Visitor: 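Quick one: this structure, given as structure tokens, is what I'll be asking you about.
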Amino acid sequence: MDEFALIRRYFHHRQGEDVVLGPGDDAALLSPPAGEQLVMTLDTSVAGRHFPEDMPAADIGYRCLAVNLSDLAAMGATPRWFLLSLTLPEADPDWLRDFSAGLFELADQAGISLVGGDVTRGPLNIAIQATGSVLPGRALRRDGARPGQTLAVTGVPGLGGMGLRHWRAGVRDSQSARHFARPWPALEWGMALSGRAGAALDVSDGLLQDLGHILSASGDLGAELVLADLPVNDELAALEAEDRWALQLSGGDDYGLLFTWPAGVAVPAGARAIGRITDGPGVRLHYPDGRVSDAEPGGWRHF
Ligand code: ADP
Ligand code: MG
């Protein structure tokens, strides 16, 4: 199978009406929605580093797109188009069929069109560039936090770290392991919060580290974080407290949104208030027994 047959076979898929010309020409031709701003992101996933080598191809396809869509979600954007750069050790038809099935399953759910890309030979590496759009002034940014605002999350911090732990232990059917393989990007949340939240980002590197990005972007602010208010699932709830906090605060791969919200206003149903923004600097952790301690910048001391 030559490169062009491979692209036609596995990567020509139905496209949105905002695609004038998709894969097949020298470049894609697109119609951006009138008056909207474009939101662009790129993430590269390397086998063994960003996903386990033994992950099924369908999950790899799903997950590589999901991490990009999560960035669009975190900007409050509507997903539109993506480009796929695929570096493959070999053209294995079974692998390609499964990979593209997982990829397009999520693409169709999210309403995003594959409009082009590149295929080369080499160690497995998947880069996706995704573009969305947002009305001017409505993008969710990291620099919009203000002292006094409520700090809130969607999803379950620690689920990604728990899922990786399960995956490594050979557990594939737990809620966390399924979330790890197929994280759902918080697209509906991003659009719901756009124009309303102060600051927002998606939690990909762990809650504390990502909170640090909001605090520094918003001008060296600080935060109070109430550990008892962090959402959990049954699998996290079953862990020893210290172990659970380590995953919740520093686990990574959660892909929920962390955002700030006007003081005194209830956060939207389904999100959870977990603390508040202060003049800072630094993050103070409030333990269930009343103890308060400073979080290590960028991480959790037990991790
Ligand atoms: P060129 O050599 O002109 O850069 P390519 O051979 O890289 O062309 O690509 C030919 C066409 O196929 C282009 O329209 C490109 O966007 C598309 N394409 C290449 N790889 C992929 C892919 N993985 N998924 C979708 N379209 C692809
Ligand atoms: Mg060309």
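As the structure is a prediction and not an experimental result, all values here were calculated from the model. Heavy atoms only: backbone and side chains are in, while hydrogens, waters and symmetry mates are out. Just so you know, ligand 1 is whichever comes first in the structure, and atom 1 is the first atom listed for that ligand.
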Visitor: Working note: Val67 + Tyr255, criterion side-chain contact (heavy atoms from CB on, under 4.5 Å); need CA distance, chi angles, decisive distance, verdict.
Guide: CA-CA 8 Å; Val67 301; Tyr255 301 111; 3.2 Å; yes
Visitor: Anything under 30° is parallel, anything over 60° is perpendicular, the rest tilted; go ahead and classify Tyr287 against Trp245.
Guide: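 Perpendicular, since the angle between the ring planes exceeds 60°.
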Visitor: Need the ligand 1 atom indices (1-based, order shown) with element for anything under 4.0 Å from a heavy-atom of Glu3.
Guide: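 Contacts of ligand 1 toward Glu3, numbered from 1: 6 (O).
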Visitor: Which option out of Leu21, Asp26, Leu84 puts a heavy atom nearest to atom 3 (O) of ligand 1?
Guide: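 Residue with the shortest heavy-atom distance to the ligand atom: Asp26.
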Visitor: Provide the number and element of each atom of ligand 1 under 4.0 Å from a heavy atom of Val119.
Guide: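 Result: 20 (N), 23 (N).
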Visitor: Counting each atom of ligand 1 from 1 as listed, which ones have a heavy atom of Asp25 under 4.0 Å away?
Guide: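 So the atoms of ligand 1 that pass are 11 (C), 13 (C), 14 (O).
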Visitor: Tell me whether Phe4 reaches ligand 1 (any heavy atom closer than 4.0 angstrom to a ligand atom).
Guide: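 Under 4.0 Å: yes for Phe4.
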Visitor: Locate the shortest heavy-atom distance separating Ala273 from Val267; write the atom from each residue and the value.
Guide: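 Minimum heavy-atom separation between Ala273 and Val267: N-CG2, 3.9 Å.
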Visitor: With backbone taken as N, CA, C and O and side chain as the heavy atoms from C-beta onward, which portion of His12 lies under 4.0 Å from ligand 1: side chain, backbone, both, or neither?
Guide: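 Neither part.
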Visitor: Select one of side chain, backbone, both or neither to describe which atoms of Leu86 lie under 4.0 Å from any atom of ligand 1, heavy atoms only.
Guide: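 Answer for Leu86: neither.
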Visitor: Is a side-chain N or O of Ser100 found less than 3.5 angstrom from the main chain of Arg97, in a donor-acceptor match?
Guide: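 Answer holds: yes.
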Visitor: Validate the cation-pi geometry between Arg63 and Phe180: distance from NZ or CZ to the six-membered ring centre under 6.0 Å, angle to the ring axis within 45°.
Guide: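 Yes, Arg63 sits over the ring of Phe180.
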Visitor: May I ask you to decide if Ala266's main-chain N or O and Trp261's side chain share a donor-acceptor pair within less than 3.5 Å?
Guide: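 Yes; at least one donor-acceptor contact below 3.5 Å.
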Visitor: Any donor and acceptor pair, going by atom type alone, linking the side chain of Glu235 with main-chain N or O of Gln175 inside 3.5 Å?
Guide: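 Judged by distance alone, yes, a pair lies under 3.5 Å.
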Visitor: Please check whether Leu114 reaches ligand 1 - meaning an N/O of the residue sits under 3.5 Å from an N/O of the ligand, judged on distance alone.
Guide: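 Such a contact does not occur with ligand 1.
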Visitor: Does only the side chain of Leu83 get under 4.0 Å from ligand 1, or the backbone, or both, or neither? Count heavy atoms.
Guide: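 Neither; nothing of Leu83 gets under 4.0 Å from ligand 1.
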Visitor: Could Arg172 and Trp167 be counted as a cation-pi pair, given that NZ or CZ must be under 6.0 Å from the ring centre and within 45° of the axis?
Guide: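 Flagged: Arg172 positioned over aromatic ring of Trp167.
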Visitor: Suppose I only count heavy atoms of Pro23 and a 4.0 Å limit; which atoms of ligand 1 are within that range?
Guide: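 What qualifies from ligand 1 is 14 (O), 26 (N).
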Visitor: Pairs of nitrogen or oxygen atoms closer than 3.5 Å, one from Val115 and one from ligand 1: do any exist?
Guide: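 No: no nitrogen or oxygen of Val115 is under 3.5 Å from one in ligand 1.
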